[in-house]
Number of protein chains: 2
Amino acid sequence: MEWSIQEIAKIAGTTSRTLRHYDDIGLLKPSRTGHNGYRYYSQSALVQLQRILLLRQLGLGLPVIAQVLDREQEAAVALNGHLGWLEQEQNRLARQIASVRRTIKAVEGGENLMAEEILDGFDHTHYKDEVEERWGKDAYAKGDAWWRGMGPDEKLAWKQRAQKLGSDWIAAAEAGISPDSATAQELAKRHVEWLKDIPGTPAAANGENGVGIKEYVTGLGDMYVADPRFGANYGGTAGAIFVRDSLRTYAELNL
Amino acid sequence: MEWSIQEIAKIAGTTSRTLRHYDDIGLLKPSRTGHNGYRYYSQSALVQLQRILLLRQLGLGLPVIAQVLDREQEAAVALNGHLGWLEQEQNRLARQIASVRRTIKAVEGGENLMAEEILDGFDHTHYKDEVEERWGKDAYAKGDAWWRGMGPDEKLAWKQRAQKLGSDWIAAAEAGISPDSATAQELAKRHVEWLKDIPGTPAAANGENGVGIKEYVTGLGDMYVADPRFGANYGGTAGAIFVRDSLRTYAELNL
DNA sequence: CCTTGACCTTGACGTAACGTCAACCTTTAC
DNA sequence: GTAAAGGTTGACGTTACGTCAAGGTCAAGG
């Protein structure tokens with residue numbers, strides 16, 4: 001028994017284009033090729049195709065499928081690995097759904113879709129750059145979920161706390177005191193405590209997950225200097241440098 | 001306040017490439033362009049960017065985001081629509097995970113990854129072609145989950161039932177009787193009952209979800225004729241035609 | 001023999017949202 | 001003056017095919 005490309009496509013429940021693709025990438029060659037170039041497939045090719053489609057439906061990629069069929073990899077191993085990925089995806093989706101639900105509620109409740117206020121108190125803790133990536137990919141997501149899970153009054157309180165911290169820093173910097181001074185170190189302590197209240201950050205995890213709160217804090221300090229947004233929040237670049245040095249000293253001594 | 005492309009990228013937690021992309025597709029233009037072609041972004045552009053990134057993190061596509069930002073669409077509406085899609089995805093993932101788990105069990109239990117036996121009794125009920133697509137996209141998935149959820153003995157029983165049905169059809173066709181005859185109609189009835197035992201099909205749903213079991217059965221009859229695999233199962237094309245006509249008559253009278 | 005229609009071929013572009021060079025120009029800093 | 005850092009515009013790669021486009025092959029009918 002032998003079938004043309006359209007015929008097995010129908011039999012197996014796929015398309016001729018897919019068959020040609022599998023031929024191109026070497027995943028499934030036709031069992032015979034006519035003098036005219038036509039592809040013909042036998043029973044054994046059909047069985048292989050069924051296996052391919054089964055694995056594909058389970059979500060495996062074509063390269064992985066090729067490995068499994070070539071016995072370069074055990075099916076159970078590949079499937080187990082894939083299962084982990086699927087479960088991660090499910091988690092991600094669940095969190096995303098929760099986020100969307102909260103956002104819908106907020107928007108329907110009249111809140112403006114992320115108004116300017118957020119820029120003042122929140123986003124500079126939300127700094128998704130190389131430092132954050134170094135300290136965990138989902139830190140941003142967690143922090144974001146936390147922020148949007150808060151009520152308006154909570155947000156206001158948080159914002160004011162952040163602004164008070166910022167203005168205190170500015171005052172200290174302009175007073176010309178040293179980063180080693182008790183006043184500056186007291187501010188640094190407040191700053192770190194404040195950071196600890198943001199879920200998803202190494203500061204909040206308190207070093208439990210292996211990332212260093214010390215490096216995190218000093219890294220943040222570097223960012224404050226490197227980025228003009230922080231400069232604005234802490235009284236210009238000079239202020240940011242003061243904050244950075246104060247934090248660094250504090251981290252060295254206390255973290 | 002005004003920032004270069006790298007600067008807002010850092011501030012907002014994204015990359016300069018992304019910003020250039022958004023410029024290219026018109027999603028976010030820089031607020032000013034230098035004589036040298038450099039892109040510069042203002043505070044308002046930053047706010048827009050934050051909104052974009054928020055919506056993107058919620059999983060919305062860039063075109064949808066553009067609509068929301070242009071106020072061509074309410075945010076709540078877009079988010080609600082998106083929520084539906086997310087929930088569908090979650091369902092799909094859950095089923096896929098279940099399927100993978102069962103398959104792992106089966107494979108570890110020593111079962112061969114979809115051996116030839118399946119081709120005999122099962123796969124022709126599994127016909128994922130234009131008819132199946134007409135009757136629901138997840139019919140295939142449901143049927144597949146059902147099949148792989150069965151134990152070896154159940155599979156054997158099913159296979160034998162299918163083969164008995166096939167051989168009875170062949171015998172009737174070769175006897176030269178009419179599709180209207182009582183014998184043929186009795187076989188058609190058995191055939192339909194058999195179809196009803198396959199979850200995910202219109203026959204199993206019994207017309208509850210709005211798709212017609214009648215059209216489904218006659219459509220299957222047409223497939224039996226159109227495809228050589230069925231011919232093999234029902235005693236050649238002549239046999240398949242007999243089956244088709246018998247089913248059609250039965251469907252007209254009883255469904 | 002010729003036409004028509006169905007089926008086959010290879011080749012190439014499009015998909016979503018950028019990452020990643022490549023080649024080249026501008027600004028900044030020492 | 002020069003090197004480092006950062007800017008620009010292409011253009012290709014990513015996944016698994018869908019979808020033309022242009023043209024060759026085959027069976028059936030007039």
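So you know, we letter chains A, B, ... as the sequences are listed, proteins then strands, and number each from 1.
- The salt bridge (charged side-chain N to carboxylate O under 4.0 Å, His left out) search around B:Glu87 returns A:Arg101, not counting sequence neighbours.
- Looking at A:Ser31, its side chain does come within 3.5 Å of a backbone N or O of A:Ser42 through a donor-acceptor pair.
- Look at A:Lys105 and A:Glu108 and you find no salt bridge, because none of the NZ, NE, NH1 or NH2 atoms lies under 4.0 Å from a carboxylate O.
- Across the protein-nucleic acid pair, A:Asp23 atom CG and C:dG11 atom C1' stand 15 Å apart, rounded to whole Å.
- Judged by distance alone, the side chain of B:Ser16 and the main-chain N or O of B:Ile5 form no donor-acceptor pair under 3.5 Å.
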* Would you check, one step at a time, whether the test side chain to side chain donor-acceptor pair (under 3.5 Å) holds for A:Thr249 with A:Ser246? => CA-CA 5 Å; A:Thr249 302; A:Ser246 301; over 6 Å; no
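- Applying the salt bridge (charged side-chain N to carboxylate O under 4.0 Å, His left out) criterion to A:Arg17, with sequence neighbours excluded, gives no partner residue.
- On the nucleic acid side, DNA chain D has its first and last nucleotide under 4.0 Å of a heavy atom of chain A at D:dA16 to D:dC26, going 5' to 3'.
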Protein heavy-atom contacts under 4.0 Å, written 5' to 3' over nucleotides 13-19 of chain C as B (base), S (sugar-phosphate only) or - (none), form the string ----BBB
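- Formation of a donor-acceptor pair under 3.5 Å by the A:His82 side chain with backbone atoms of A:Gly61 is not found in this model.
- Atoms CZ (A:Arg20) and P (C:dC8) sit 8 Å apart, rounded to a whole Å.
- The closest donor-acceptor contact from the side chain of B:Thr18 to the backbone of B:Thr14 lies at 3.5 Å or more, if one exists at all.
- Heavy atoms of A:Ile5 sit under 4.0 angstrom from primed sugar atoms or phosphate atoms, though from no base atom.
- Following rounding to the nearest Å, A:Arg32 (CZ) and C:dC8 (P) show an atom-to-atom distance of 13 Å.
- Without hydrogens or angle criteria, B:Gln96 side chain to A:Leu83 main chain gives no donor-acceptor distance under 3.5 Å.
- Using a distance-only test at 3.5 Å, with no hydrogens or angles considered, no donor-acceptor pair links the side chain of B:Gln57 to the main chain of B:Leu54.
- Distances shown here put every side-chain N or O of A:Ser16 at or beyond 4.0 Å from the OP1 or OP2 atom of C:dC8.
- A:Arg20 pairs by the salt bridge (charged side-chain N to carboxylate O under 4.0 Å, His left out) definition with nothing, not counting sequence neighbours.
- Taking the screw axis at each terminus of the helix from C:dC1-D:dG30 to C:dC30-D:dG1 from five consecutive base pairs, the angle between the two is 40° to within rounding of 10 degrees.
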